Each structure stands twice: as C-alpha cells, then as structure tokens.
Number of protein chains: 2
Amino acid sequence: MHVMTGGDSKPDFDVLRSKLEAYMSEKGLRSTAQRRAITEAFFSASDHVTIEDVLAESRKIDGRIGYATVYRTLKLFTESGIAEERHFGDGLSRYELSDESTQHHHDHLICLSCDAIVEFHDDAIEQLQDAVARRFEFSILSHKHEIYGLCPKCRKDQS
Amino acid sequence: MHVMTGGDSKPDFDVLRSKLEAYMSEKGLRSTAQRRAITEAFFSASDHVTIEDVLAESRKIDGRIGYATVYRTLKLFTESGIAEERHFGDGLSRYELSDESTQHHHDHLICLSCDAIVEFHDDAIEQLQDAVARRFEFSILSHKHEIYGLCPKCRKDQS
DNA sequence: ATCCATGCAAAAACTTTGCAGTCCA
DNA sequence: TGGACTGCAAAGTTTTTGCATGGAT
C-alpha cells in the first residue's frame with residue numbers, strides 16, 4: 001500500500017486565481033473587492049473551513065463583508081472547480097481546495113475526541129473502489145471516505 | 001442490480017426487538033402503542049429512510065402519530081444500537097439498521113441523478129483502511145465510504 | 001448606463017424542545 | 001398515582017433567497 005499525507009506540495013494559488021478568473025470571465029461575472037478578499041481569506045485559511053471561518057478571515061481584510069456574500073462566493077468557488085464542499089456530520093458545510101487544485105485526491109481520518117483531521121491517500125483503495133463501481137456499473141463522479149476514531153494523542157490520554 | 005455484499009442474510013427482527021426492549025427496560029422507558037408502531041414501520045421499511053418516510057409508514061398503522069414522536073423514537077433506536085443515523089449530503093437525516101443489527105458492515109454507492117442507493121462491502125478495502133489507520137496510529141471507531149456517481153439506468157438515460 | 005453584486009433581512013428547510021394533556025407501569 | 005410519553009406548536013440551526021442599493025465594466 002502507499003500512504004501519503006496531504007500537505008506534501010503546496011497548491012499554486014496563482015494557478016487557482018487564474019482558473020477562477022477564467023470561470024468568472026466565461027460566465028460574465030465580476031471581480032469585486034469582496035470576492036478578492038474572500039479568495040485570499042480562503043487561500044490563507046486552513047482546510048475544512050466553515051462559512052463562519054471564512055467570514056471571520058475575510059473581515060480581517062474588509063470589515064463590511066456579509067454572510068450571504070461569503071456563502072455565495074464559496075458556492076462560486078465550488079462551481080468553478082477550485083473548491084469542494086464537505087460534510088463531516090456535525091451539521092456544518094465545510095470547504096476545502098478541490099482535489100484538482102491540490103493535484104491529488106485525499107480522504108480523511110477524523111479524531112472523534114479532539115476533532116483533528118488528517119488527510120490520507122491510498123491508491124490501492126482507490127483502485128478497489130473503482131472495481132466496486134464497475135461491478136455495479138456505476139460511473140464515479142466523486143466519493144468520500146472518512147475514518148472516524150481516536151488520534152494517537154487522544155488514544156494515550158484515554159489509557 | 002446485484003450485490004457483492006458479504007452475505008445478504010435478513011436481520012432477525014425478534015432479536016432486535018429484544019435488544020430494544022432490554023435497552024428501554026434498563027433506562028426505565030415505556031412501551032407505547034406509538035413506539036411499537038414506529039418499530040414495526042421501521043423494520044418493514046427499506047433502508048436509508050428519512051423521518052418523513054418512517055412517519056408515513058407508521059401512520060398506516062396508527063394515524064395519530066406525530067413527527068416529533070418519530071424523531072424521538074429514531075433517536076431512541078440509535079441510542080439502543082439497533083439503528084444508525086446517516087447523512088448523504090442532501091440535508092436529510094437517514095436511518096438504517098445498524099451494522100451490528102445486520103451482522104455485516106456495508107458502505108454505499110449513491111446515484112446523484114435519481115438518488116438510488118446501493119450497498120456494497122469489500123473486505124480488501126476494509127483491510128487497507130485498517131492499514132491506513134495503523135500507519136497514522138489511529139484507532140478506528142467507525143467509518144463511512146460513499147461513492148457518488150450515476151447508476152446504470154441514469155447513465156443510459158444521459159447518453 | 002447596464003446589469004451583476006452586495007448586505008440585510010426574511011424565508012426555507014430541518015431539527016430540536018417546551019408544555020399541557022395523556023397514558024403506561 | 002407518578003413520571004414518562006405524545007402531539008402540537010414554537011424555537012433553534014443552518015442554508016437559501018428577495019430586494020433595494022451600490023458598483024464593475
């Protein structure tokens with residue numbers, strides 16, 4: 001098996017900005033101060049951020065940004081392909097750079113005690129997953145594979 | 001559409017009823033007409049049902065059952081261990097018999113076009129997943145592996 | 001000047017809870 | 001009879017949208 005963490009290579013934010021611009025221009029959308037601020041906030045924030053997270057970060061750049069604008073802009077990011085929306089079961093939508101943006105797909109290990117999130121990737125699992133889809137004649141558009149448990153630190157704290 | 005699940009044995013509902021009764025008795029909870037109706041409705045319904053689904057089914061047995069009672073009873077099922085709550089990203093909570101109840105864990109293939117849900121199980125994937133957890137020194141408590149795509153029927157309809 | 005974008009607030013969509021009456025044990 | 005249970009409706013949450021104003025092209 002082959003395992004790797006997610007943070008090996010940093011995403012090239014210039015490429016992502018270009019991709020976003022291309023999408024917006026194609027759709028006749030406009031570059032505004034808010035969108036630029038939210039973009040930078042999203043890029044500088046950690047992964048798996050909520051709308052509230054991005055709102056708080058964006059307001060450090062421009063204090064007047066509203067919730068709805070962040071909401072709509074994250075939607076825009078998702079449509080343009082630079083971000084993906086995720087749900088980890090706590091009722092909140094979370095956003096992260098898309099697999100395409102980071103140049104590699106990853107899944108998640110989530111600590112139920114401290115909420116730590118670790119990314120992993122395993123080609124063998126992906127291949128078996130493709131085989132499952134073929135067997136059921138599904139075409140795969142996306143997937144999520146989340147492992148919930150206790151991280152090393154919390155395991156020690158418990159014992 | 002056929003199955004590679006690790007054995008399609010039907011759950012033994014009598015065992016589940018006993019387990020539920022034991023839990024309720026332990027907690028000093030009461031057996032009521034509504035709870036019995038909801039239990040039967042849940043057992044007779046298909047998997048991955050929403051609260052609305054169970055409500056509709058329950059009302060076939062007893063027309064006076066309210067939404068909140070179904071909500072609270074499904075919560076009770078989850079606490080007792082006979083059911084599990086799931087979220088497939090469409091904003092609805094869904095319930096199914098727990099892995100423990102069905103005696104086998106399974107994951108899901110979900111059609112993004114018609115919302116069809118197919119269950120699958122793959123031991124090799126599970127083993128690789130265990131290996132990933134070991135690598136990161138996580139202990140696994142649960143996991144979810146969902147593959148989103150197009151089912152055979154919707155693939156045909158699109159082409 | 002267009003007409004897209006923003007911010008606010010209201011509306012939706014679900015879930016959760018308070019309460020007065022009901023019913024099991 | 002006491003305390004749990006129910007149904008209704010109200011309150012929470014979080015997401016989504018309508019609308020008048022502001023702003024990019």
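Order of the sequence lines fixes the chain letters, A, B, ..., with proteins taken first and strands second; residue numbering starts at 1 for each chain. Predicted model, so just to flag it, every value in this text is computed and none were measured.
Here chain B contacts DNA chain D (any atom closer than 4.0 Å to a heavy atom, that is under 4.0 Å), and the contacts span D:dG2 to D:dC8 from 5' to 3'.
The distance between atom NZ of A:K27 and atom P of C:dC4, rounded to the nearest whole Å, is 13 Å. One atom, CZ of A:R35, and another, P of C:dC4, lie 11 Å apart when rounded to the nearest Å.
Inter-axis angle, ends of the helix from C:dA1-D:dT25 to C:dA25-D:dT1, five pairs per end, rounded to 10 degrees: 30°.
A distance-only check finds no donor-acceptor pair linking the side chain of B:T73 to the backbone of B:R35 [under 3.5 Å].
Residues from residues 44-66 of chain B lying near DNA chain D, meaning a heavy-atom separation below 4.0 Å, are B:R64, B:I65, B:G66 in numerical order.
With sequence neighbours left out, the side chain to side chain donor-acceptor pair (under 3.5 Å) criterion links B:D62 to no other residue. Partners of A:E40 according to the side chain to side chain donor-acceptor pair (under 3.5 Å) rule, which considers only residues two or more places apart in sequence or in another chain, are A:R17. Evaluation of the salt bridge (Lys or Arg N to Asp or Glu O under 4.0 Å) rule for A:R134 yields no partner, not counting sequence neighbours. A search for salt bridge (Lys or Arg N to Asp or Glu O under 4.0 Å) contacts involving B:R86 returns B:E84, B:E96, not counting sequence neighbours. Judged as a side chain to side chain donor-acceptor pair (under 3.5 Å), and not counting sequence neighbours, B:D12 has no contacts.
Side-chain contacts under 4.5 Å among hydrophobic residues (ILVMFWY), followed directly or transitively, place A:I61 with no other residue at all.
If you look at B:H145 and A:H145, their ring centroids are closer than 6.0 Å.
For residues 24-44 of chain B, the ring pair (Phe, Tyr, Trp, His ring centres under 6.0 Å) pairs, not counting sequence neighbours, are B:F13-B:F43, B:F42-B:F77. Here salt bridge (Lys or Arg N to Asp or Glu O under 4.0 Å) pairs that include residues 45-59 of chain B, with residues two or more places apart or in two chains, are B:E57-B:K60.
Salt-bridge annotation for A:K27 and A:E79: absent, with no side-chain N of the basic residue lying under 4.0 Å from a carboxylate O of the acidic one.
Between atom CG of residue B:D130 and atom CD of residue B:Q127 there is a gap of 7.5 Å, rounded to the nearest 0.5 Å. Annotation: the span from B:C151 atom SG to B:I117 atom CD1 amounts to 11.5 Å, rounded to 0.5 Å.
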Contact state string [nucleotides 16-25 of chain C, B base, S sugar-phosphate only, - no protein heavy atom under 4.0 Å]: BBB-----BS
